[in-house]
Amino acid sequence: MKILVLKGSPHIKGTSNTLVSEFIRGAKEKGHKIEEIDVAHALLHPCLGCDRCAINGTCIQKDDGNEILNKILSSDCLVFVTPVYYFGMSAQLKTLIDRFYAKNSAITNKHFKVIYIACAWNDDDMVMKALDAHLDILTSYLEMNEIGRILAKGAGYPSAIKPSYLKAAYELGENLEV
Ligand SMILES: Cc1cc2nc3c(=O)[nH]c(=O)nc-3n(C[C@H](O)[C@H](O)[C@H](O)COP(=O)(O)O)c2cc1C
């Protein structure tokens, strides 16, 4: 399966990228083809809401957005990776998701397999609630088939990630059907 990992943290060696690297290790061992995009460091401007994409399906902005969207459309499975910022996903990842607007129908028609990986500092009942609900709605609206979600609480820096989350990420990759 062609898996595209969309990394939304500005910390290249940070917590969420550490966690997803375990997923990648497992998925590669299983024989999946993985491509990673560092969304947080891509040149990506926010959607302007100009609706010009409604004319020809291509965003008018001259940045990395259209190339990333094309890579998304040639994948089978999307992995969204984010730190928790104020109870939601990072602005870096959300900026990319807003740009889906230019290809909304093409994306929903693909019925992507989807995986979510997130890390937060706090370790309480509240910290993942809003993100969890947002991801449910996103999955449903974009007509994706979710195959995994790891929301790691109490994971404020890489060495704080609980071994159970690292194991779950590795096993998620290792058990993915080819
Ligand atoms: C702008 C900002 C907002 C944050 N908001 C939250 C939050 O709402 N809840 C929380 O538990 N941690 C919050 N954190 C902490 C990060 O989620 C946490 O340190 C995470 O491990 C960072 O992941 P990364 O290394 O992949 O970027 C925030 C950090 C930043 C920089």
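Bear in mind the structure is a predicted one, so any value in this text is a computation, not a measurement. Both ligands and their constituent atoms are indexed starting at 1 by order of listing.
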Residue Lys30 excluded, over 12 heavy atoms near NZ under 6.0 Å:
yes
Hydrophobic cluster membership, Ile147 vs Leu172, 4.5 Å side-chain cutoff:
yes
Evaluate whether atom NZ of Lys167 has more than 12 neighbouring non-hydrogen atoms of other residues, nucleotides or ligands under 6.0 angstrom away.
no
Sub-4.0 Å atoms of ligand 1 with respect to non-hydrogen atoms of His11:
24 (P), 25 (O), 27 (O)
Is there side-chain contact between Arg149 and Asp132, with at least one heavy-atom pair below 4.5 Å?
yes
Which atoms of ligand 1 have any heavy atom of Asn122 under 4.0 Å away?
10 (C), 11 (O)
Within the 4.0 Å heavy-atom shell around Ala155, which atoms of ligand 1 are there?
20 (C), 21 (O)
Min over Trp121, Tyr157, Tyr85 of heavy-atom distance to atom 15 (C) of ligand 1 lands on Trp121
Relative to each other, are the rings of Phe100 and Phe80 parallel, tilted or perpendicular (30° and 60° limits)?
tilted
Give the residue and atom name of whichever protein heavy atom lies nearest to atom 5 (N) of ligand 1, and the separation in Å to one decimal.
Tyr86 N, 2.9 Å
Can you report which non-hydrogen protein atom sits closest to atom 26 (O) of ligand 1, along with the distance?
Ser16 OG, 2.6 Å
Search all heavy atoms of Leu73 against all heavy atoms of Phe112 and return the closest pair with its distance.
CA-CZ, 4.1 Å
What protein heavy atom sits nearest atom 25 (O) of ligand 1, and how far away is it?
Thr15 N, 2.8 Å
Tell me whether Ile24 is reachable from Ile115 by hopping between hydrophobic residues (I, L, V, M, F, W, Y) whose side-chain heavy atoms are closer than 4.5 Å.
yes
So is Gly156 polar-close to ligand 1, meaning N/O to N/O under 3.5 Å?
yes
Taking both backbone and side-chain atoms of Pro83, is any N or O found less than 3.5 Å from an N or O belonging to ligand 1?
no
Using a 4.0 Å heavy-atom threshold (strictly under), name the region of Val127 that reaches ligand 1: side chain, backbone, both or neither.
side chain
What residue and heavy atom of the protein are closest to atom 14 (N) of ligand 1, and at what distance?
Val84 O, 3.3 Å
Any idea which atoms of ligand 1 are less than 4.0 Å away from a heavy-atom of Gly14?
25 (O)
Polar contact flag, side-chain donor to acceptor under 3.5 angstrom, Asn104-Tyr141
yes
So, Glu29 and Tyr170: side-chain donor and acceptor under 3.5 Å apart, yes or no?
yes
The atoms of ligand 1 lying under 4.0 Å from a heavy atom of Ser9, numbered in the order shown, are 24 (P), 26 (O), 27 (O)
For ligand 1, is there an N or O atom under 3.5 Å from any N or O atom of Phe87?
yes
